[in-house]
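Structure first, then comments.
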Amino acid sequence: MSHDAIFVLSTGRCGTQWLHDAMETTYTDALTATHEPLLTAYRPRHFFRASRDNLNEIGSIPEVAAHVDSIRETLRDRPYLECGWPCFSALPWLYDALDGRMRVVHLTRHPVTTAFSMSTHNVYGRDDWILDGALTPFDAGCLDEPLQSAWPQLSTYEKCLFWWTQIHRYGLDLHRARPEIPWHTISYEDMFSPQSMALKELVAFCGLPYTPGLESKRGQKTDRFRFRTLPDDWRKILNYPETIAVTTELGYEPDDIDAHRLSQRYFKKKRKSLRRYLASLNPLRRRASK
């Protein structure tokens, strides 16, 4: 029986930890699952939207070459699932390197909640491997001169919206440019909805038999890194037409946001402005409290 490698294309902060843990524990004897196995050894910023010839340079990176060899060995016996977000730039090369034995799961989440979740990790203010993978308008694959001048003044939330936009626009473009790559899109929202068939469809795409026990894992918390960030105005997303365009293409409504719930989950509490923020962004809640 032939097996494939399944790579999850995502921004991170959209359920990849949960997906890894749920699939690994449910299909222990039928699947090998990993989460961010190479960190940024794929060099995602350097190879983002690189030409096919330039992408071949990825194969000369020792860690990547050894990793691909390991995947080939795994595929002798079982499918391989990689849930780490840094693989996105390497996907076209990986398809060729694995002789077409590869599938892509495009995992999405609403841009506002994703960006705030990423903001809690201060992804643009770190000095570790995550910063090495954080896309900027100065990178060759996403040059944006007007945004370059504004970049120092943007909030972390706005920068994370840029990250979200670039990766999901890339995913949409890659799916159109490389139709030979088997592709499946699933949303974070559907993945955790008991009313959705999304998990069953995902398992089928991965070539695995459906196991009802997978559904019961939805309530398990696997996020090992839950932090908070400073309050910001979620409506800033409306200032970025490209983000709105990608949001709409992925089936989301930009303003489908519960401001109170957003603040309760992501914002630091010790801010005098928090009450005013809630009042300004959620007028229905304000009127209901009168």
Side-chain angles (χ1 to χ4, degrees), residues 1-39 41-42 63-64 66-88 90-109 114 117 167 171 174-175 178 180-226:
M1 179 179 179
S2 177
H3 301 291
D4 288 343
I6 303 107
F7 289 83
V8 178
L9 169 59
S10 79
T11 60
R13 306 307 302 165
C14 54
T16 53
Q17 290 180 41
W18 178 88
L19 180 61
H20 164 266
D21 292 357
M23 294 292 281
E24 183 180 52
T25 56
T26 302
Y27 297 97
T28 303
D29 299 324
L31 173 76
T32 294
T34 64
H35 182 260
E36 299 173 356
L38 295 189
L39 303 183
Y42 285 116
E63 299 95 322
V64 176
H67 184 51
V68 170
D69 286 342
S70 175
I71 293 173
R72 290 196 189 100
E73 286 298 313
T74 298
L75 296 182
R76 293 176 181 270
D77 302 313
R78 59 180 62 194
Y80 169 80
L81 173 66
E82 183 164 319
C83 299
W85 64 266
C87 69
F88 61 90
L91 291 176
W93 176 82
L94 285 165
Y95 181 78
D96 295 334
L98 293 169
D99 302 317
R101 298 172 64 189
M102 190 193 89
R103 310 178 192 187
V104 172
V105 172
H106 186 183
L107 177 57
T108 70
R109 186 185 185 186
T114 303
S117 183
I167 289 183
L174 178 61
H175 185 32
R178 300 290 298 272
E180 71 274 20
I181 300 177
W183 198 276
H184 180 76
T185 301
I186 180 175
S187 73
Y188 169 97
E189 292 81 6
D190 283 344
M191 190 164 68
F192 289 102
S193 170
Q195 289 75 43
S196 172
M197 299 295 290
L199 280 179
K200 192 170 186 178
E201 293 167 356
L202 174 63
V203 167
F205 177 76
C206 293
L208 296 167
Y210 176 66
T211 301
L214 185 62
E215 305 281 346
S216 65
K217 298 182 182 296
R218 282 195 174 106
Q220 296 179 3
K221 300 293 185 182
T222 59
D223 188 351
R224 296 181 288 274
F225 308 104
R226 293 174 67 89

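Owing to the predicted nature of the structure, the values given are computational and were not obtained by experimental measurement.
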So does R13 get a backbone contact from the side chain of Y188, meaning a donor-acceptor N/O pair under 3.5 Å?
no

Assess whether side-chain contact (heavy atoms from CB on, under 4.5 Å) is satisfied between F205 and I186, documenting all intermediate values.
CA-CA 11 Å; F205 177 76; I186 180 175; over 6 Å; no

Euclidean distance, M102 CE relative to I71 CD1, rounded to 0.5 Å
10.0 Å

Value for CG (L31) from CD (E24), rounded to nearest 0.5 Å, stands at 8.5 Å

Do L199 and E215 have side-chain heavy atoms sitting under 4.5 Å apart?
yes

Counting N and O atoms only, with roles assigned by atom type, does the side chain of H3 sit under 3.5 Å from a partner on the main chain of Y80, one being a donor and the other an acceptor?
no

Going by side chain to side chain donor-acceptor pair (under 3.5 Å), name the pairs with one or both residues in residues 90-102, residues two or more places apart or in two chains.
R52-D96, D96-R178

Main-chain N/O of T25 paired with T28 side-chain donor or acceptor, under 3.5 Å
yes

Can you measure from CG (D4) to SG (C206) and round to the nearest 0.5 angstrom?
10.0 Å

Note: R218 and P194 closest approach over all heavy atoms is NH1-CA, 3.6 Å

Donor-acceptor pair, distance only, cut-off 3.5 Å: does the side chain of T16 make one with the backbone of G12?
no

What pairs with D190 under salt bridge (charged side-chain N to carboxylate O under 4.0 Å, His left out), at least two apart in sequence or on another chain?
none

Relative to each other, are the rings of H67 and Y42 parallel, tilted or perpendicular (30° and 60° limits)?
perpendicular

Quick one: pull up CE in M23 and CG in L208 and give me the separation to the nearest 0.5 Å.
5.0 Å

Side-chain heavy-atom pair P92, L174 within 4.5 angstrom cut-off:
yes

Looking at A41 and E63, what are the two nearest heavy atoms and their distance?
CB-CB, 4.1 Å

Check: F192 main-chain N/O paired with S196 side-chain donor or acceptor under 3.5 Å
no

Return the CG to OG1 distance between L9 and T185, rounded to the nearest 0.5 Å.
9.0 Å

Can you give me the closest heavy-atom contact between P79 and A30, atom names plus distance?
CD-O, 3.1 Å

What's the spacing between L81 CG and L19 CG if we round to 0.5 Å?
5.5 Å

Min side-chain heavy-atom separation R103-H184 under 4.5 Å
no

Measure across T32 and R78 and return the closest heavy-atom pair with its distance rounded to 0.1 Å.
OG1-CD, 3.0 Å

What are the two closest non-hydrogen atoms of F7 and C87, and how far apart are they?
CD2-SG, 4.1 Å

Scanning both residues in full, the closest heavy-atom pair of R72 with A97 reads NH2-O, 2.9 Å

